[in-house]
Amino acid sequence: MAAAPPSYCFVAFPPCSKDGLVVFGKNSARPRDEVQEVVYFAAAEHDPGSKVECTYIEIEQVPKTHAVVLSRPSWLWGAEMGANEHGVCVANEAVVTREPASESEALLGMDLVRLGLERGATAKEALDVIVALLEEHGQGGNYYEDGSSCHTFQSAFLIVDRNEAWILETSGKYWAAEKITEGVKCICNQLSLTTKIDAEHPELRNYVKSQGWWNGESDFNFSEAFSLADDHLACCSGRESLEKQGGDISAQAMIDVLRDKDSGVCVDSESFLTTASIVSVLPQDPSFPCIHYFTGTPDPSRSIFKPFIFVDDVKLVPKVQSPSFGNDDPAKKIPRFQEKPDRRHELYKAHEWARSLLENDQDKGQKLMRIMLDLEKQGLEAMEDILSRTEILDPAEVVDLFYDCVDTELKFFK
């Protein structure tokens, strides 16, 4: 059975985090050559009876979808992580359980990330959307753009809003969830839920008993029931780094943890690479905007986190969007993935050049990195200023924010 890619997701609540902020972060570990893009979809209304085409299957559309910003592998419909206009953030993890994941094409965990964001105005609503769709359509299909082998996994999710977070773990259509309102939590590519379960599939315990995975008398432990051997042991060293920050966890502290290669949180192995990262800052006071920082490029230790704020008519950023191949895309043709088109966007290509400079000319590479980190720092400070103001944010001030940051990054690379 293939190992799940070692991604990491975090959330920190006050008083562990600074200034009454909820801080969310994820490193997305995927196959090394996979390109992630950052895409925005405006809120929309849909005709009764209309359908939405996900990565592999078509499902019923809802009357209204929320505006979303997503970081996603550019060959699929869903997303590894993202946020919506209501301050909900969702990220998923591929996990392996006792039950083999289905190769039959259904919803991917990544489709469920996007569907939860498009349809849920709170973390709990997003969770309810995800488990209802899981029950109705199931999960399955190839997690990678690979025509030679089908890589299948079950899914875990970290779902966060300004007030609470939910850890949702699944195996097939069965699921359990834990509500979090304080402290620091991390999820990775192993099951983590034990006996504290705040919501679950109505038939979960009967099913586990019928499989002989629980005797019905001892405390029910989700990870013990569904994990292979001792796979459910604590897996997240990054959590310790965050907890050491005391009450000072900020966007910068989360970025530092995501950049940490020594702890294994920033993945750079033979098979996998952290292909994109996100950090979101969600003020518990709803009069302040949520701020979402995306890299749009691989390896956060060599990438810049750029801020995005939801406002009407936000400017689209084609330079972090991959080329579209329409119905000719090998991911849409049956049999799938018979070819691998060049999905690199403009920022990805510029970043490749910068990576090569870092590797081949250390002096120039380090100088460029210092300039880029200074640029990032200016962005973080400008966002902190927005969160410390008393007056309401003027949307015109940030409508081009992400666009301008990407543009500036590209200029420095050139």
Exercise. Is there a side-chain contact between V317 and V38, using heavy atoms and a 4.5 Å cut-off?
Worked result: no
For this session: With side chain to side chain contact (heavy atoms under 4.5 Å, CB included) as the test, would you mind laying out the steps for V35 and S322 before giving the verdict?
Result: CA-CA 8 Å; V35 178; S322 294; 3.8 Å; yes
Problem set entry | Neighbour count above 12 (heavy atom, 6.0 Å) for E53 CD | no
Exercise. Can you tell me if S171 and E99 form a side-chain donor-acceptor pair at under 3.5 Å?
Worked result: yes
Exercise. Do D329 and R343 sit within salt-bridge range, that is, some charged N less than 4.0 Å from a carboxylate O?
Worked result: yes
Seminar exercise, completed: Contacts satisfying ring-ring contact (aromatic ring centres under 6.0 Å, His included) that involve residues 50-90 (not counting sequence neighbours) are H66-H86, W75-F337
For this session: Could you tell me which non-hydrogen atom of V267 sits nearest to which non-hydrogen atom of P6, and how far apart they are?
Result: CG2-O, 3.3 Å
Exercise. Can a salt bridge be assigned to the pair K333 and E339 using a cut-off of 4.0 Å between side-chain N and carboxylate O?
Worked result: no
Exercise. Under a 4.5 Å cut-off applied to non-hydrogen side-chain atoms, are L242 and M254 in contact?
Worked result: yes
Exercise. Taking the side chain from S250 and the backbone from K18, do they hold a donor-acceptor pair closer than 3.5 Å?
Worked result: no
Exercise. Does D299 come within less than 4.0 Å of K261, counting only side-chain N to carboxylate O?
Worked result: yes
Exercise. Say you draw a straight line from CD1 of I167 to CZ of F157; how long is it, rounded to the nearest 0.5 Å?
Worked result: 13.0 Å
Exercise. What is the minimum heavy-atom distance between R32 and S269, and which atoms define it?
Worked result: NH1-O, 2.6 Å
Problem set entry | side chain to side chain contact (heavy atoms under 4.5 Å, CB included) evaluation trace for M81 with V113 | CA-CA 7 Å; M81 52 217 177; V113 169; 5.7 Å; no
Problem set entry | Side-chain H-bond candidate by donor/acceptor type, S155 with Y143, under 3.5 Å | yes
Problem set entry | Evaluation steps, side chain to side chain donor-acceptor pair (under 3.5 Å), between E37 and S74 | CA-CA 6 Å; E37 59 180 351; S74 54; 5.3 Å; no
Problem set entry | Under 3.5 Å donor-acceptor, S7 side chain and A29 backbone | yes
Exercise. With respect to F220, which candidate in W213, W214, F226 satisfies the ring-ring contact (aromatic ring centres under 6.0 Å, His included) definition?
Worked result: W214
For this session: Check the surroundings of atom CD in E270: do more than 12 heavy atoms from other residues, nucleotides or ligands lie under 6.0 Å from it?
Result: no
Problem set entry | Intermediate values then yes/no, side chain to side chain donor-acceptor pair (under 3.5 Å), T55 and D111 | CA-CA 7 Å; T55 302; D111 293 335; 2.7 Å; yes
Seminar exercise, completed: Taken to the nearest 0.5 Å, the spacing of F24 CZ from C290 SG works out to 12.0 Å
For this session: Say whether, by atom type as modelled, one donor and one acceptor occur between the side chain of R302 and the main chain of H351 under 3.5 angstrom.
Result: no
Exercise. Between E80 and K26, does at least one N-O distance fall below 4.0 Å, as a salt bridge requires?
Worked result: yes
Seminar exercise, completed: Rounded to the nearest 0.5 angstrom, the CZ-OG distance for F288 and S388 is 8.0 Å
For this session: Using side chain to side chain contact (heavy atoms under 4.5 Å, CB included) as the criterion, point out the one residue from V208, T194, L193, I197 that pairs with N221.
Result: T194
Problem set entry | Full working for side chain to side chain contact (heavy atoms under 4.5 Å, CB included) between L387 and D19 | CA-CA 9 Å; L387 293 179; D19 304 329; over 6 Å; no
Exercise. I309 and L393: side chain to side chain contact (heavy atoms under 4.5 Å, CB included), yes or no, with the steps?
Worked result: CA-CA 10 Å; I309 295 176; L393 178 69; 4.2 Å; yes
Problem set entry | Nearest heavy atoms of P298 and L273, plus distance in Å | CB-CD2, 3.7 Å
Problem set entry | Side-chain donor-acceptor pair present, E135, H201, cut-off under 3.5 Å | yes
Exercise. Side chain of Q338, backbone of R336: donor and acceptor closer than 3.5 Å?
Worked result: yes
Exercise. Within the side chain of Q139, is there an N or O that forms a donor-acceptor pair under 3.5 Å with the backbone of G172?
Worked result: yes
Exercise. Looking at side-chain heavy atoms only, is the closest gap between L380 and F305 below 4.5 Å?
Worked result: no
For this session: Say whether N27 and S277, considering side chains only, have a donor N or O and an acceptor N or O under 3.5 Å apart.
Result: yes
Problem set entry | Student check: side-chain heavy atoms of C150 and N142 closer than 4.5 Å | yes
Seminar exercise, completed: Rounding to 0.5 Å, atoms CG (L134) and OH (Y174) come to a distance of 11.0 Å
For this session: For W175 and L204, work out which heavy atoms get closest and say how close.
Result: O-CD2, 3.7 Å
For this session: Please check if any side-chain donor atom of E169 sits under 3.5 Å from a side-chain acceptor atom of S192, or the reverse.
Result: yes
For this session: Report, as yes or no, whether the 6.0 Å neighbourhood of atom CD on Q378 holds more than 12 heavy atoms from other residues, nucleotides or ligands.
Result: yes
Exercise. Going by heavy atoms in the side chains, are E145 and P73 under 4.5 Å from each other?
Worked result: no
Exercise. What pair of heavy atoms forms the shortest contact from P300 to L258, and how long is it?
Worked result: CG-O, 3.3 Å
Exercise. With distance as the sole test, does D198 use its side chain to make a donor-acceptor pair with the main-chain N or O of K179 at under 3.5 Å?
Worked result: yes
For this session: To the nearest 0.5 Å, tell me how far L158 CG sits from K185 NZ.
Result: 10.5 Å
Exercise. Is any side-chain heavy atom of L115 less than 4.5 Å from a side-chain heavy atom of L107?
Worked result: yes
Exercise. Side chains of L117 and R114: closer than 4.5 Å at any heavy-atom pair?
Worked result: no
Exercise. Counting only heavy atoms not in D342, do more than 12 fall under 6.0 Å of its CG?
Worked result: yes
For this session: For atom CD of E45, decide whether the heavy atoms of other residues, nucleotides or ligands shown that lie under 6.0 angstrom number more than 12.
Result: no
For this session: Could you tell me whether the side chain of R205 and the main chain of G216 form a donor-acceptor pair under 3.5 Å?
Result: no
For this session: Please name all residues satisfying ring pair (Phe, Tyr, Trp, His ring centres under 6.0 Å) with F310, sequence neighbours left out, ordered by chain then number.
Result: H292, F308
For this session: Decide yes or no on salt bridge (charged side-chain N to carboxylate O under 4.0 Å, His left out) for E125 and R119, but give the supporting numbers first.
Result: CA-CA 8 Å; E125 279 184 18; R119 301 178 181 197; over 6 Å; no
Problem set entry | Neighbour count above 12 (heavy atom, 6.0 Å) for K377 NZ | no
For this session: Quick one: pull up CD1 in I291 and CG in L21 and give me the separation to the nearest 0.5 Å.
Result: 8.5 Å
Exercise. Side chains of D400 and D407: does their closest heavy-atom pair fall under 4.5 Å?
Worked result: no
Problem set entry | Flag, side chain of H345 to backbone of Q36, donor-acceptor distance under 3.5 Å | yes
Exercise. Which atom pair, heavy atoms only, marks the closest approach of A79 to R72?
Worked result: CA-CB, 3.6 Å
Problem set entry | Any donor-acceptor pair under 3.5 Å from E85 side chain to A67 backbone | yes
